[in-house]
Amino acid sequence: MNFPGTSGSSAANMTGFGGMGAGGTQGMSEQEQAMVKMMQNAMESCPLKTVISGVMGFGLGGLFGMFMAGMSYDSSLTPQSQTIANLPWRQQLKHGFKDMGSRSWSSAKNFGIVGALYSGTECCIEGLRAKNDLTNSVSAGCITGGILGAKAGPQAAALGCAGFAAFSAAIDAYMRMPESD
């Protein structure tokens, strides 16, 4: 696939941000080339990656929390649901929205923290190792899981490290699989 401003002659030249790597800026003005280079540098910045991951995690967590809160009232068999079912309709709605908001906020904070912590750790490890491979994501997963489990003690930190490292390895291995067209 050819993108505007790329030569289209070789896929090997398409590196970096949007395929605009080495030799991919022919036909662009100097100002456009400077803008592409600035965008490449920004996207390789660990602080920016950390912030972006935290914000995206916050948004995803908020949606997830809202969904899970909405699903918790689908059965009237629990004592809490029976108590709410006896309230007037407006009170039920008010209670539901209040619960949905608090769960969304809580989930959003947690997802944001995990996203920022993992992304920042992985980016720092990648910068220190000067490699982009599976070891970075496994190490970042272990560090993130260990930090998240540290408050509950060393055993929880070790289990968090192992669990998050395994999850990170599985996701990264899947994402690195070659596409079969």
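Position 1 is the first residue of the sequence, and the numbers go up from there.
- The list of disulfide (SG to SG under 2.5 Å) pairs with a residue in residues 33-65, not counting sequence neighbours, reads C46-C123.
- Atom CG of residue L134 and atom OG of residue S168 lie 9.5 Å apart, to the nearest 0.5 angstrom.
- The aromatic rings of F64 and F111 lie tilted to each other, with the angle between the two planes from 30° to 60°.
- Atom OG of S119 sits about 10.5 Å away from atom CE of M56, to the nearest 0.5 Å.
- Between atom CE of residue M38 and atom CD of residue Q31 there is a gap of 10.0 Å, rounded to the nearest 0.5 Å.
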- Query: After noting the C-alpha distance and the side-chain angles of E32 and M35, does the key distance pass the side chain to side chain contact (heavy atoms under 4.5 Å, CB included) rule?
  - Reply: CA-CA 5 Å; E32 290 172 326; M35 184 64 100; 5.5 Å; no
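- Exactly one residue among D133, T121, N132 makes a side chain to side chain contact (heavy atoms under 4.5 Å, CB included) with E126. That residue is N132.
- Qualifying disulfide (SG to SG under 2.5 Å) partners for C124, counting only residues two or more places apart in sequence or in other chains: none.
- Remark: side-chain polar atoms of S104 are paired, donor with acceptor, to backbone N or O of G62 under 3.5 angstrom.
- Atom-to-atom distance recorded for C161:SG and I147:CD1 is 10.0 Å, nearest 0.5 angstrom.
- The shortest heavy-atom contact between M28 and Q33 is O-NE2, 3.4 Å.
- Interatomic distance, F67 CZ to R103 CZ, rounded to the nearest 0.5 Å: 12.0 Å.
- G120 approaches T50 most closely through the heavy-atom pair CA-OG1, 3.1 Å.
- When E122, R129, K131 are each tested for a side-chain hydrogen bond (donor to acceptor under 3.5 Å, both in side chains) with N136, only one passes: R129.
- Side-chain contact between L117 and L148 is present, with heavy atoms from C-beta onward closer than 4.5 Å.
- Sorted by first and then second residue, the ring-ring contact (aromatic ring centres under 6.0 Å, His included) pairs with a member in residues 112-167 form an empty list; sequence neighbours excluded.
- Taking each heavy atom of S53 and G115 in turn, the nearest pair found is CB-O, 3.5 Å.
- The hydrophobic cluster containing I143 does not contain L128, counting ILVMFWY residues as joined when their side-chain heavy atoms lie under 4.5 angstrom apart, directly or transitively.
- Note: I125 CD1 to T135 OG1 = 10.0 Å, rounded to the nearest 0.5 Å.
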